[in-house]
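Heads up, the thing below is written out as structure tokens.
Each chain gets a letter, A, B and so on, in the order its sequence line appears, and its residues count up from 1. Side-chain atoms are counted along with the backbone in the values below, which use heavy atoms only and exclude waters and symmetry mates.
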Protein chains: 2
Amino acid sequence: MENWDEVRTAYQVARAGTVSGAAEVLGVHHATVIRHIDSIEARLGVKLFQRHARGYTPTEAGADLLMVAQATDDQFSQLVGRLKGQGDDVTGELVVTSLASLAPFMAPVLMRFQQMHPGLIVRYLTGDRLFRLEYGEAHVAVRAGAVPNQPDNVVQPFVQQRTGLYAHKDYVKRHGLPKGPEDFGKHHFVGHDNPNARAPFLKWLSDTVPPEAIRFRAIDPGTMEQAILAGAGIGFVPECLVQQHPDLVQVMDPLPDWTARSWLVTHVDLHRTNKVQSFLKYLKESSQDWVL
Amino acid sequence: MENWDEVRTAYQVARAGTVSGAAEVLGVHHATVIRHIDSIEARLGVKLFQRHARGYTPTEAGADLLMVAQATDDQFSQLVGRLKGQGDDVTGELVVTSLASLAPFMAPVLMRFQQMHPGLIVRYLTGDRLFRLEYGEAHVAVRAGAVPNQPDNVVQPFVQQRTGLYAHKDYVKRHGLPKGPEDFGKHHFVGHDNPNARAPFLKWLSDTVPPEAIRFRAIDPGTMEQAILAGAGIGFVPECLVQQHPDLVQVMDPLPDWTARSWLVTHVDLHRTNKVQSFLKYLKESSQDWVL
DNA sequence: CCGGTTATGTGCATTATTCCACAGTACCTG
DNA sequence: CAGGTACTGTGGAATAATGCACATAACCGG
């Protein structure tokens, strides 16, 4: 059964009993209706209607089609109702992705947002892999670094995570603090294993500090933090974590460039939906209280 | 939801995941598919797919539509199966109409035909009203009189019911038999109340016999027969009934014109269906044995 | 019996739809 | 990194669908 429109036409004819009545309901010319009926009957090889001067009377085949098409019409109507309302209510899945380092902040927000919307299922994806909005893998993404400029992505600025250069007091006790860049070669640094890392402060590190001074290298930010706390050397620690570790000593005043900016990114197709808008609004409100 | 074809297109896109794949399945150009999707999304005001270079990924709305359209596609497929097979098997209703006088012959045939086809429901309509084939009121009609020449009706000759002019022997005892037409005025006749009755022998009666001689008039053929058997006068009795009533005496040799011809009539749309053809075949076979 | 109304059905002009060809982009593979 | 592949997207030509006008037939009411 190809050409569902002809089924719909036949359905209306069976309902109305006349070609003219069906044409009026369908908003087309009655000649069109006649041709649709002729076409579908020819294709099926079955007479759906008996034609007479007072209208079209459904045969048994036509009555059968009427039943099926009636059900179809109902289901389509319900579907339209759901689809139209779908943009308005916050339900189904909400898929959010971010860097793993933001999980301590994001998770409580997501939990409360889920509690505010009982019908909602929250999927919070973190990982090395970049979850792609254009493939429908996520509704909202938190991206760090330069301004994302993918086509079809709606970008707005999110939190800024200040980062400073710190060392554990045990390290300072042993090595002292560098007076200036000229002392960097005589110190131990904790850095990223990948010299091409994208974070601005890591670029600063590889540009400013001699490679041989970076004695401890790791991939995971959490690991680097542990190394610094263990006194392995001087390294970058987010300001928010510094407050939890009073044993950390600031090595030098932070450069503005070190501040990691992050961005809220949504796909243009989903950005205007109420579900995404509600979450973005709540997320931005909540992030006001974050201490970064 | 108008335009069911676009639903079908969207359904195939959701299934295939690509516009090109859907276009191939649908047998249309991929540009057509793109425009259908754009059209239905614009109409609904909801994005059904997220577009990317590798294809179209359904949104939640698109996934919802996929479910509904999947069900619709299944139902339509089943419908087509039923409709195509419908012309071939003998099932559903078989509506037959005839003069009430043929009921003693038709009823046994219909009963046996119903027994031969367990799925069949027989509706045998008799009555004064003319059941109209073109309105779908009956599949097969037995019509008497002149050849029906309605358009869209398929006509074939059926049984001929010979009729003779008889009187009860008690009447003959009292009044004797007319020697010829000149005696008709002195006799009592049983005729139809309507002088314009269509049956040829009734026309002969009103043309040949003076009106005042038709002393007993009725509308129902069965009533007329009862009157003749009661000795009310001379009248027409079908030959088949004469054999059951030995007390009837033939008044004059039957004229060829008196033979009532009957016709099997079907609507052209239904005539070629197996159900109607099977019944016509069985009816014509059975009628060979009828004694009329 | 006879207009008036309501239907279906058909040729022709118009409109909308579809197809075609080509451009552009992302992704994969050697 | 370059070539190949598979996909989307778009402007203009070809085609199919639609609308229109008119003919025709049946029925209804007076």
### Message
Of the listed nucleotides (D:dC20, D:dT8, D:dT18), which one gets closest to any side-chain atom of A:Ala31?
### Response
D:dC20
### Query
Between B:Asp38 and A:His36, who's closer to the 5' end of DNA chain D by nearest nucleotide?
B:Asp38
### Atom-to-atom span, CD1 of B:Ile37 to P of D:dT10 - whole angstrom
15 Å
#### Entry: Minimum heavy-atom distance B:Ser98-B:Tyr124, with the two atoms named
OG-OH, 2.6 Å
### Task
Select one nucleotide: of D:dC27, C:dT18, D:dT10, the one nearest the side-chain heavy atoms of B:Arg132.
D:dC27
### Message
Can a side-chain donor-acceptor contact be found between A:Thr57 and A:His52 if the only test is distance below 3.5 angstrom?
### Response
yes
### Task
Scan A:Val276, A:Asn153, A:Val154 and name whichever one has a side chain to side chain contact (heavy atoms under 4.5 Å, CB included) with A:His267.
A:Asn153
## Note on the structure
Numerically ordered, the residues 18-25 of chain B set in heavy-atom contact under 4.0 Å with DNA chain D is B:Thr18, B:Val19, B:Ser20
### Query
Rounded to the nearest Å, what distance is computed from the CG atom of residue A:Asp5 to the C1' atom of nucleotide C:dT18?
15 Å
### Summary
Residues pairing under ring-ring contact (aromatic ring centres under 6.0 Å, His included) where one sits in residues 56-84 of chain A, two or more places apart or in two chains, turn out to be A:Phe49-A:Tyr56, A:Phe76-B:Trp4
### Summary
To the nearest 10 degrees, the angle between the two end axes of the helix from C:dC1-D:dG30 to C:dG30-D:dC1 (five pairs per end) comes to 30°
### Task
Please tell me which of A:Gly17 and B:Thr32 maps to the more 5' nucleotide of DNA chain C, matching each residue to the nucleotide holding its nearest heavy atom.
A:Gly17
#### Entry: A:Glu137 bridged to A:Arg132 by N-O distance under 4.0 Å
no
### Message
Measuring from the side chain of B:Ile34 (C-beta onward, heavy atoms only), which nucleotide among D:dG19, C:dC27, D:dT8 has the closest atom?
### Response
D:dT8
### Message
Using every non-hydrogen atom in the two residues, find where B:Ile37 and B:Ala10 come nearest and quote the distance to one decimal.
### Response
CD1-CA, 3.5 Å
## Note on the structure
Note: contacts of residues 40-56 of chain B with DNA chain C (heavy atom, under 4.0 Å) are B:Ala53, B:Arg54
### Residues which pass ring-ring contact (aromatic ring centres under 6.0 Å, His included) with A:Phe158, listed by chain and number, not counting sequence neighbours
A:Trp290
#### Entry: salt_bridge(A:Arg51, A:Glu41) N-O dist < 4.0 Å
yes
### Task
Round to a whole Å and report the spacing from CZ of A:Arg8 to P of D:dA17.
17 Å
### Message
Expressed as a whole number of angstroms, how long is the span from A:His30:NE2 to C:dG11:P?
### Response
13 Å
### d(CG, B:Leu26; C1', C:dT17) in whole Å
15 Å
### Query
Could you give the NE2-to-C1' distance, from A:His29 to D:dG19, as a whole number of Å?
6 Å
### Query
Between A:Tyr135 and C:dC27, does any side-chain N or O lie under 4.0 Å from OP1 or OP2?
yes
### Message
Let's test your reading of the model: under 3.5 Å, does the base of D:dG9 pair with the side chain of B:Arg35 as donor and acceptor?
### Response
no
### Message
Check this for me: B:Glu24, atom CD, are more than 12 non-hydrogen atoms of other residues, nucleotides or ligands nearer than 6.0 Å?
### Response
no
### Task
Could you pull out the closest heavy-atom pair between B:Ala69 and B:Val7, with the gap in Å?
CB-CG1, 4.3 Å
### Query
Salt bridge between A:Glu60 and A:Lys47, side-chain N to carboxylate O under 4.0 Å?
no
### Summary
Contacts of B:Arg43 meeting salt bridge (Lys or Arg N to Asp or Glu O under 4.0 Å) (sequence neighbours excluded), chain-then-number -> B:Glu6
